[in-house]
Amino acid sequence: MSLKLEWSNDQEKVEISESFIGVLEQLLQLAAEAEGMTDGEVTLSIVDDEEIHQLNREYRNIDRPTDVLSFAMQEETDEELEIIYEVDDESESVPFEGMLGDIIISAERAKLQSEEYGHSLERELGFLFVHGFLHLIGYDHQDEASEAVMTEKQEAVLRQAGLTR
């Protein structure tokens, strides 16, 4: 079994080759394998700065574009209502079961950052994708220790895929 990637490129400002999606699928498998995960689904949307700015303002109350946003489906917080699905027979699947969540990446921000850091757009998109995936499964970088853990995990996956700086 493997993780499934559903993706869409909803912007036209930065060219992203169709073949690069295969690299993202490889990164997803490598990151999942490193975490001992065998199945699930991730949705990736590649958007422009305007779209991610709107989402950042709406969901995080931060009024500026960002590079990546993650919305975890399996995460429960104290404020969230638990959704209980009634399934009539056992052959029906529970909606969203196995859905890890959504990752939204700004292609414009990724291009700008790749130029600032002096590496390829593919490496930056790969980094942001793995970063977003780690957020979906519960990692965060609120302090130096957790940031170091996340950074090492990201770099290990990117090295395995040959996306080095």
Side-chain angles (χ1 to χ4, degrees), residues 2-7 11 14 16 20-21 23-82 96 98-165:
S2 63
L3 266 72
K4 183 177 177 190
L5 176 64
E6 292 289 329
W7 65 276
Q11 58 83 47
V14 177
I16 297 170
F20 184 65
I21 299 306
V23 173
L24 293 175
E25 289 173 337
Q26 177 193 19
L27 288 170
L28 179 60
Q29 301 312 318
L30 290 169
E33 188 178 295
E35 295 300 316
M37 299 177 71
T38 57
D39 62 348
E41 185 174 329
V42 172
T43 301
L44 169 65
S45 298
I46 301 171
V47 300
D48 59 23
D49 271 357
E50 185 180 333
E51 176 75 15
I52 210 161
H53 184 164
Q54 179 184 338
L55 292 168
N56 206 22
R57 184 174 51 237
E58 185 176 337
Y59 291 101
R60 297 179 63 222
N61 292 318
I62 298 174
D63 194 13
R64 62 178 162 77
T66 189
D67 51 7
V68 62
L69 292 170
S70 298
F71 297 97
M73 293 289 284
Q74 305 298 327
E75 181 179 80
E76 287 185 26
T77 63
D78 293 337
E79 304 89 47
E80 240 177 272
L81 294 174
E82 181 181 356
F96 309 113
M99 176 53 131
L100 298 175
D102 300 318
I103 300 170
I104 296 110
I105 295 175
S106 167
E108 287 177 270
R109 195 103 337 230
K111 184 172 182 356
L112 182 69
Q113 289 174 184
S114 71
E115 291 165 357
E116 285 175 8
Y117 297 132
H119 56 239
S120 70
L121 174 61
E122 289 77 14
R123 198 260 185 223
E124 188 64 19
L125 287 168
F127 169 84
L128 294 172
F129 180 67
V130 173
H131 184 88
F133 172 76
L134 290 174
H135 277 307
L136 290 183
I137 62 172
Y139 287 93
D140 216 329
H141 45 83
Q142 301 293 18
D143 56 47
E144 282 185 34
S146 57
E147 184 173 3
V149 167
M150 223 173 147
T151 299
E152 178 48 42
K153 288 180 176 291
Q154 291 162 170
E155 292 302 323
V157 170
L158 292 168
R159 270 193 309 273
Q160 276 186 284
L163 288 174
T164 55
R165 290 182 184 240

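Worth knowing before you read on, the calculation uses all heavy atoms, side chains too, and leaves out hydrogens, waters and symmetry mates. Index from 1, following the sequence. Only a predicted model underlies this, so the values are computations on that prediction, with no experimental measurement involved.
From R123, atom CZ reaches atom CG of L158 across 5.0 Å, with rounding to the nearest 0.5 Å. Atom CD of Q29 and atom OG1 of T38 lie 10.5 Å apart (nearest 0.5 Å). Taking CZ from F71 and NE2 from H135, the interatomic distance works out to 11.5 Å, rounded to the nearest 0.5 Å. Here OH of Y59 is found 9.0 Å from CD of Q54. Values are rounded to the nearest 0.5 Å. D67 contributes atom CG, which lies 7.0 Å from atom CD1 of I52 (distance to the nearest 0.5 angstrom). Annotation: the span from F129 atom CZ to I21 atom CD1 amounts to 9.0 Å, rounded to 0.5 Å.
Among all heavy-atom pairs drawn from S114 and S120, the shortest one is CB-O, 3.5 Å. In terms of heavy atoms, L136 sits closest to L100 at CD2-O, 4.0 Å. Minimum interatomic distance between L163 and G126 (heavy atoms only, all atoms of both residues): CD1-CA, 4.4 Å. The two residues G132 and V68 have their closest heavy-atom pair at CA-CG2, 4.3 Å. Of all the heavy atoms in L121 and A110, the pair that sits closest is CD1-C, 3.8 Å. Of all heavy-atom pairs between D49 and E108, the closest is N-OE1, 2.6 Å.
A donor-acceptor pair under 3.5 Å is formed between the side chain of N56 and the backbone N or O of R64. Checking side-chain atoms of E124 against main-chain N and O of Q113 turns up no donor-acceptor pair under 3.5 Å.
Enclosure of atom CD in E144 is not indicated, since only 12 or fewer non-hydrogen atoms of other residues, nucleotides or ligands lie within 6.0 angstrom. In this structure, E50 places its CD atom where only 12 or fewer heavy-atom neighbours from other residues, nucleotides or ligands lie under 6.0 Å away.
The closest side-chain heavy-atom distance from W7 to L24 is not below 4.5 Å.
Checked by atom type, the side-chain pair Y139/Q154 shows no donor-acceptor distance below 3.5 Å.
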Under the salt bridge (Lys or Arg N to Asp or Glu O under 4.0 Å) criterion, do E115 and K111 qualify, and how do the steps go? CA-CA 6 Å; E115 291 165 357; K111 184 172 182 356; 2.8 Å; yes

Verify side-chain contact (heavy atoms from CB on, under 4.5 Å) between V23 and E122, making sure each step is shown before the conclusion. CA-CA 9 Å; V23 173; E122 289 77 14; over 6 Å; no

Step-by-step side-chain contact (heavy atoms from CB on, under 4.5 Å) determination, V42 to F133: CA-CA 8 Å; V42 172; F133 172 76; 4.1 Å; yes

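Salt-bridge check for R109 with E116: failed, with every basic side-chain N at 4.0 Å or more from each acidic carboxylate O.
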